[in-house]
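Data first, discussion second: the structure below is written as structure tokens.
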Amino acid sequence: MEIQEKNAVRTPKRTNEITVGFGGAAGDGIDKSGNTLAKVINRLGLYAISYNSYQSLIRGGYTMLKLRISERKEACFGDHFNVLLAMNQDSIERHAPEVEPNGIVIFNSNKISCDQSLLQENVRAVALPFNEVTAGMGNLLPIMQNTMALGALLYVANIELETLNNVLADIFKHKGEKVIEQNIKVAEAGYNYAKQNFNSAKIDISWKFTRIAKPFYSGNTALALGAVAGGLKLYAAYPMSPASNILHWLVQHSEKCGVLVKQAEDEIAVVNIAIGAGYAGVRSMCATSGGGFALMTEAVGEAAMLETPVVIVNVMRGGPSTGLPTKTEQGDLNQAMGASQGDFPRVIMAAKSTTDCFHIAGEALNIAEQFQLPVIILSDLLLGENYETIEPGSWSHDVEIKRGELIREVPESMEKKDGFKRYLFTSSGVSPRPVIGSEGMVYVAATDDHDEDGVLISDVFTNTAVRRKINEKRMLKMDGVLKELEPPALEGPADAEVTLIGWGSTWGVIREAVEQLREGGVAVNQLHFKYLLPFHTKEALEILNKCKTTIVVELNSTGQFARHLRAETGFSCTETILKYDGEPFEPRMITNRTKSILSKEPLDLRVTEKEARDIAYHYIRVHLKDKLRPVQVVQNSKNGYSEPVWVLDLVDRTSGDLKGQLTVGVETGSTHKWDEFS
Amino acid sequence: MSTMDSTLEKESKTREVVVDPDWCAGCGDFGVLRSLKKATTDKELKPHQMLLISGIGCSSNLVGFIYAYGVHSLHGRALPVATGAKLANHNLKVVITGGDGDGYGIGIGHFIHAMRRNLDLTYIVMDNEIYGLTTGQASPTTAEGHKTKTTPRGNVEMPINPLALAISTGATFVARGFAGQPAQLTSLIEQGIAHKGFALIDVFSPCVTYNKINTYSWFKERVYKLEDEEPDADITDFSYAMTKAMEFGSRIPIGLMYKIEKPTYEDTEPVLLNGPLVDQPLGIKKELFDELLTATT
């Protein structure tokens, strides 16, 4: 796609920061190394933000974990790349070309090699031979090459070794002194080897370490903690990526936090367990991803009909169907909007950052209970699974808990009435809701439509007047909800030339794109939506009517939010910037496409050279046993395929001998032909 | 005291409610309702301490005809709703009612897993071997060869044996009742509710409108009471229970065939040691919160 490639600009760095990447096979311990480095960063008082691009394989797949290290809190993982720690050949071939000028590629030369032709100008590839560096240290596990590489990385990134030693001591505490000592020795060896050999490759950066240690959370763990602080008492789930670590975190802390965690047989059971608990009077939540949410669908309407609070979290991944289990997308907005039959009140909100994942949990639990209805939280893999440093003071244990009309005793006003009116018609639509087990308020909650007392009106008692009023009573609650939610606000100058509009997890990346555009002389502002239903139609329109060029930026292929915005306001945005390839936006993609929209360039969906390489890598993996790699790529318009094609020379990975040519369609992306040379 | 108040008081004592059942005259479910009321009225158990949960179907309508807290939930989903409510407040006596289609058809996954968990729940299934509310289609317990609206050449699918399934899957109390034997049924329900663990009571509850084969007289000719004929049997014995569960032909046993003692799920859940969830404090203490934050650095 053009937005990733054309006019690629790299903005000057505004602050001390570097981005390092760990590339290797799943099972190489990439995430552990990333976590170790992040701990070092957090203890020094710097900020880290990670992005882990991985596959749905426990071992053998390919993993690339990037960590952006900065002196300030960054809004997203950015688009710089300064140091690559390559654990396998694949990561060199795929990612070494992305390392920026003055950057470094560090690799274990006992195992892999780095072809200089892959590197941009002024990028140094430095060999770190594990066997030589750790000579005399006895038999070491292969995974310890990571520790050695971390040591070397700290030297080139001008970060002290001592903190790494402390972190290693903590991490391996449970394994005893000997293991700690061994790890520290290996780290030191890597550091010292770099000091002796990579001096000229050292990055020119000097850090201010405040040494104020900061928490390091992912969106999922933040959401779990926020829910606990927000009064969660029961959590139910069925394992599903990328929502599972909410379950794991809550199980781990269940007893201490007083939250009962129930893994159930499927998502239908999960949501109904949560609804049963909500009905009885405890705060309940469940989380899943799109496929699991599809199974929960019928129960969304059930919760609304029973007027029972429940919070359902959908940590979105690439759809449809099984889709992309380990890739991110904002593709389930329509699904959340349309889940369950009939008209009923539901609230949909989307977390805008990792920090916000904490806050949104408490808000959702409050809204669900105050208004006795289902609340859907949309998060996604990018937010959910990736960790970042949290600014101290962003979160407090003291989350306000609003329980609305939950009662344990019969209200005075109802005492002399004819039975307990659970669904009493009120001006707010909200009726008193007893904790089940309370005396004097016995009632039946039914999914058939019913009257104020809960008596069915669905069959023999059908009554059009009662049906109309109970329907209106339920929907009335949406007015009350809207008043509780903060309206959207414009960030940046009101008179900007272009407004970037987003929802949910893209807040940070759009914010950084806005900064890049401003530095490039474009007058731009940002309008972001966290609360999607009910919708702040009036407030949104007031802002939108004053905007000039409006661009909706979202991570799906049909512009689901742009359509929702149009439905709720009648406002059609000028353009959309959409991405649906499984990877999240990087700021420059938004920056570049915004510029091309402003200069009226049409969207170009032809396969780029980089994408042709990606297609070739896929072909090589599936058909050529991973033995070749693409080198030269040329475009050829005269051929027998009724479209221009990319012709890629594939060479043997070890010998470099030309083995054949792969032909890939520029329009269709089809691999037309593999021409193997004899 | 006003008339309204006395109505309420009467309801709470007799478990009668203003709404009359909408079942066909002669439906077996009337018998089950009567037995359930009898088994729970004038006991220590107050109406507000009891929670009835059902799915969808003729028999699931039962929760609206008895004075207790109730949830008339989704088709097949009564057990998960009951699980959530029980975990939220394990002081409640939770009874689930429904039919064979609801429990053994659309809800069978939940049925199996609820039994594995051995929560302290009582599950009464009004088994009429047919889909009644949807006008007479084959159900998971419809006999082989039985001609229904959807099996005009006779049912070719093997019926589910809920009792054998329950015994082999973790239920700790397994019984069969018959709507035509109300005294025994009342006693089975009483025992099932008193049992600490998952109790299944599968009840032959004839559908007088859509099942012309498994009628009252069909059952009457076949059923015999276990407590009468085999009073000394060891109902903790798995093999005995399975033999009785599989007996289905010219003679069909009714009564309690399996009962063992096992810790319930609630007993083993550490969070519930501090009392019912619904009475526990909300939120998090500052010390623990700070500890969770610093643990990540």
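Letters A, B, ... are given to chains in the order of the sequence lines, protein chains preceding strands, and every chain is numbered from 1.
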Any chance you could measure A:Leu456, atom CG, to B:Asp22, atom CG, to the nearest 0.5 Å?
8.0 Å
Which side chain to side chain donor-acceptor pair (under 3.5 Å) pairs, counting each pair once, include a residue from residues 282-293 of chain B, with sequence neighbours left out?
B:Lys286-B:Asp290
Between B:Gly76, B:Pro276, B:Ala114, B:Gly70, which shows the greatest number of heavy-atom pairs under 4.5 Å with chain A?
B:Gly70
Residues B:Ile284 and A:Cys257: closest non-hydrogen pair is CD1-SG, 4.4 Å
Interatomic distance, CD@B:Glu269 vs CD@A:Glu255, rounded to 0.5 Å, equals 8.0 Å
Could you report the tightest heavy-atom contact between B:Leu292 and A:Tyr217, atom names first, then the distance?
O-OH, 3.0 Å
Check whether any side-chain heavy atom of B:Arg117 sits under 4.5 Å from a side-chain heavy atom of A:Glu265, and report yes or no.
yes
Using 0.5 Å steps for rounding, measure from the OG1 atom of B:Thr296 to the CG atom of A:Leu225.
9.5 Å
At a 4.5 Å cut-off on heavy atoms, which part of B:Leu288 comes close to chain A: side chain, backbone, both, or neither?
side chain
Counting heavy-atom pairs closer than 4.5 Å to chain B, which one of A:His253, A:Glu298, A:His450, A:Lys214 comes out on top?
A:Glu298
Which heavy atom of B:Ala295 sits nearest a heavy atom of A:Lys39, and at what distance?
O-NZ, 3.9 Å
What residue in B:Ile112, B:Val81, B:Ile56 has the most heavy-atom pairs under 4.5 Å with chain A?
B:Val81
More than 12 foreign heavy atoms under 6.0 Å from NZ of B:Lys37: is that the case here?
yes
Should the pair A:Tyr443 and B:Tyr69 be assigned to parallel (<30°), tilted (30 to 60°) or perpendicular (>60°) ring geometry?
perpendicular
Exam field: side chain A:Thr447 to backbone B:Ser73, donor-acceptor pair closer than 3.5 Å
yes
Using non-hydrogen atoms only, which part of B:Leu272 is less than 4.5 Å away from chain A: side chain, backbone, both, or neither?
side chain
How many angstroms lie between CG in B:Asn61 and OG in A:Ser458, if you round to the nearest 0.5 Å?
7.5 Å
Identify which of A:Val435, A:Ile268, A:Val399 forms the greatest number of heavy-atom pairs closer than 4.5 Å to chain B.
A:Ile268
Side chain / backbone / both / neither for A:Asp266 at chain B, heavy atoms under 4.5 Å
side chain
Looking at chain A, which one of B:His75, B:Arg77, B:His48, B:Lys86 has the largest number of heavy-atom pairs inside 4.5 Å, strictly under?
B:His48
Report yes if the side chains of B:Asp279 and A:Arg408 come closer than 4.5 Å at any heavy-atom pair, otherwise no.
yes
Test side chain to side chain contact (heavy atoms under 4.5 Å, CB included) on A:Lys233 and B:Val278; report intermediate values, then the result.
CA-CA 8 Å; A:Lys233 298 308 295 178; B:Val278 77; over 6 Å; no
Counting heavy-atom pairs closer than 4.5 Å to chain B, which one of A:Gly258, A:Ala38, A:Ser284, A:Gly362 comes out on top?
A:Gly258
Can you tell me which portion of B:Thr294 sits under 4.5 Å from chain A's heavy atoms? Options are side chain, backbone, both or neither.
neither
Please classify the contact between B:Leu92 and chain A as side chain, backbone, both or neither, with a heavy-atom cut-off of under 4.5 Å.
side chain
Pairwise distance CG(B:Leu282) to CD1(A:Ile401) - rounded to 0.5 angstrom
4.5 Å
Once rounded to the nearest 0.5 Å, what's the spacing between atom OH of A:Tyr279 and atom CG of B:Leu51?
5.5 Å
So which of B:Leu79, B:Leu87, B:Thr83 has the largest heavy-atom pair count under 4.5 angstrom toward chain A?
B:Leu87
Under 4.5 Å to a heavy atom of chain B? For A:Arg283 that would be side chain
Answer yes or no: are there more than 12 heavy-atom neighbours, outside A:Tyr238 itself, under 6.0 Å from its atom OH?
no
Selection from A:Gly454, A:Ala227, A:Ala213, A:Gly231 maximising heavy-atom pairs under 4.5 Å formed with chain B
A:Gly231
Out of A:Glu302, A:Arg422, A:His397, return the one with the most heavy atom pairs under 4.5 angstrom to chain B.
A:His397
Contact winner vs chain B - A:Ala299, A:Gly281, A:Ala229, heavy-atom pairs under 4.5 Å
A:Ala229
Is the number of heavy atoms from other residues, nucleotides or ligands within 6.0 Å of CD (A:Glu409) greater than 12?
no
Note, B:Gln280 side chain near A:Val282 side chain (heavy atom, < 4.5 Å):
no
Heavy-atom pair of closest approach, residues A:Val444 and B:Val71
CG1-N, 4.4 Å
Step by step, work out the side chain to side chain contact (heavy atoms under 4.5 Å, CB included) result for B:Val17 and A:Val455.
CA-CA 10 Å; B:Val17 289; A:Val455 173; over 6 Å; no
Tell me the closest heavy-atom pair linking A:Ala269 and B:Pro80, and the distance in Å.
O-CB, 3.6 Å
Of all the heavy-atom pairs spanning B:Asn89 and A:Ile436, show the shortest one and how long it is.
ND2-O, 3.1 Å
